[in-house]
Amino acid sequence: MKISEILKKETPSLSFEVFPPKTDSSFDSVRHATEEISALRPAFMSVTYGAGGGTSRYTLEIAKNIKERFGVPTLAHLTCVSSTRETVRAKIVELRGAGIENIMALRGDLTPELDGSDRSTWHYRHAVDLIREIRDIDDGFCIGGACYPEVHPESRSQAEDIRFLKEKVDAGCSFLTTQMVFDNNLLYNFLYKCREAGITVPVVPGIMPITNGTQVERAIKLSGSFMPQRFKAIVDRFGSDPAAMKQAGIAYATDQIIDLYANGITNVHVYSMNKPDVAAQIMRNLSSIIGEKEC
Ligand code: FAD
């Protein structure tokens, strides 16, 4: 099922993100974790492409397994900046062959090595180039794009960032997923600016439940996200107590999700980080809001 169709539903729903194994030897444990999350029957699941140290090889395998064994619609991430045209085109054909209907089209992060290389030799400079490539090969995919309520770190301004975001949507994105946010007000402000710029596709907020003290630093480094004082106080108070931090982090994320639903957002994407217990607890916390059959 296409994510654009799922996002038309007006009842609150959740989707979860998982990442592929970092090494061949961890394949079985990652697959098992993703299966446990799939069994919760989220509206859809996304599988990252090499992000978080995972290998890109297994994205398709994990996405296919979730879809075939659990009937949960999947969104396979695909990055392009460090790839040749042949590799990317082959991946797109492979995804179609595996019955995957949804692709999250991303540029990928610039490693220091890439950043210093000759850009004139790159086939894909931005995600928009990948979106056009996918559309060129197979117009049947539902394509998603990434967006940044707190501005992408390479952008000179939010206005410029949103202008390029509009270009991605015009090239064929049917929905957008945000970088993680810990302050919903930043998200509401961003949504307003997107609508003002003529971006009318659904924007799915990304929420990351922080469940241990060390995750905080990593999350901020990766995303550059702003940590509200209320959240900092939680980390200061409970960061060194794993059980307490987990409970407080899940409660904070749940609170953010409830606020988003209350303000008219229907689907929230949870960066569940291959943690079935965290995904399950969030679903339990929202059971009467999202209903039992489908989250
Ligand atoms: P782009 O849309 O290309 O934007 C990158 C920068 O270029 C921005 O500053 C933008 O304003 C600017 N820009 C865009 N178009 C143009 C243009 N035409 N001309 C000039 N400037 C332009 N990384 C992974 O490796 N694997 C993943 O699975 C993954 N999943 C992600 C999922 C989400 C929801 C998000 C938010 C990020 C994810 N990332 C992933 C990280 C992502 O790859 C990085 O944030 C990357 O730096 C930017 O990717 P993008 O697709 O947003 O790039």
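For ligands, and for the atoms within them, numbers begin at 1 and follow the listed sequence. The first residue in the sequence is number 1, and the count goes up from there.
- Using the six-membered ring where Trp is involved, F164 and H126 have ring planes that are parallel, under 30° apart on the 30 and 60° scheme.
- For atom 36 (C) of ligand 1, the nearest non-hydrogen atom from the set C80, A105, A146, P20 belongs to A146.
- Residues R31 and E61 are not paired through a salt bridge, judged by the lack of any N-O separation under 4.0 Å between the basic side chain and the carboxylate.
- Residue R125 does not touch ligand 1, judged by heavy-atom distances below 4.0 Å.
- When every heavy atom of F190 is checked against every heavy atom of Y148, the shortest pair comes out as CE1-O, 3.8 Å.
- In H126, the parts holding a heavy atom less than 4.0 Å from any atom of ligand 1 are both the side chain and the backbone.
- For the ligand labelled ligand 1, residue Y124 lies outside the 4.0 Å heavy-atom shell.
- The contact set between ligand 1 and T177, taken as ligand atoms under 4.0 Å from a residue heavy atom, comprises 34 (C).
- Looking at H269 against ligand 1, nothing comes within 4.0 Å, counting heavy atoms.
- Residue H152 has at least one nitrogen or oxygen atom sitting less than 3.5 Å from a nitrogen or oxygen atom of ligand 1, judged on distance alone.
- Using a 4.0 Å cutoff on heavy atoms, G108 counts as a contact of ligand 1.
- Closest non-hydrogen pair, I134 versus I92, comes out as CG1-CD1, 3.6 Å.
- Close approach of ligand 1 to Q179 is summarised as follows: ligand atoms under 4.0 Å from at least one heavy atom of the residue are 36 (C).
- For Y271 and H269, the gap between ring centers is short of 6.0 Å.
- When D109, D161, T79 are ranked by how near their heavy atoms come to atom 10 (C) of ligand 1, first place goes to D161.
- Those atoms of ligand 1 that come under 4.0 Å of a heavy atom in S155, given as number and element, are 8 (C), 9 (O), 10 (C), 11 (O).
- The pair K232-D236 does not count as a salt bridge, with every side-chain nitrogen at least 4.0 angstrom from each carboxylate oxygen.
- With respect to the salt-bridge test (charged N to carboxylate O, under 4.0 angstrom), the residues R132 and D170 do not qualify.
- Checked by distance only, ligand 1 and E17 stay at 3.5 Å or farther apart across all their nitrogen or oxygen atoms.
- Checking G145, A127, C147, A76 against atom 3 (O) of ligand 1, the nearest heavy atom belongs to A127.
- Listed by number with element, the atoms of ligand 1 under 4.0 Å from a non-hydrogen atom of T48 are 28 (O).
- Between K168 and ligand 1, a contact under 3.5 Å exists for at least one N or O pair.
- Remark: R96 is positioned above the aromatic ring of F141, its terminal NZ or CZ atom under 6.0 angstrom from the ring centre and at most 45 degrees off the axis.
- Side-chain polar atoms of Q281 and R284 form a donor-acceptor pair below 3.5 angstrom.
- Only the side chain of H77 comes within 4.0 Å of ligand 1, judged by heavy-atom distances.
- With respect to the salt-bridge test (charged N to carboxylate O, under 4.0 angstrom), the residues R230 and D255 qualify.
- Within the 4.0 Å heavy-atom cutoff, F19 does not count among the residues contacting ligand 1.
- Interface of E167 with ligand 1, defined as ligand atoms under 4.0 Å from a residue heavy atom, comprises 18 (N).
- Residue contacts with ligand 1: E160 is placed with no nitrogen or oxygen under 3.5 Å of a nitrogen or oxygen of the ligand (distance criterion only).
- Applying the side chain to side chain donor-acceptor pair (under 3.5 Å) test to H32 and every residue at least two apart in sequence or in another chain returns E36.
- Using a cut-off of 4.0 Å between Lys/Arg side-chain N and Asp/Glu carboxylate O, K246 and D277 are scored as salt-bridged.
- Atom 50 (P) of ligand 1 has its nearest heavy-atom neighbour, among Y49, Y148, F164, Y271, in Y148.
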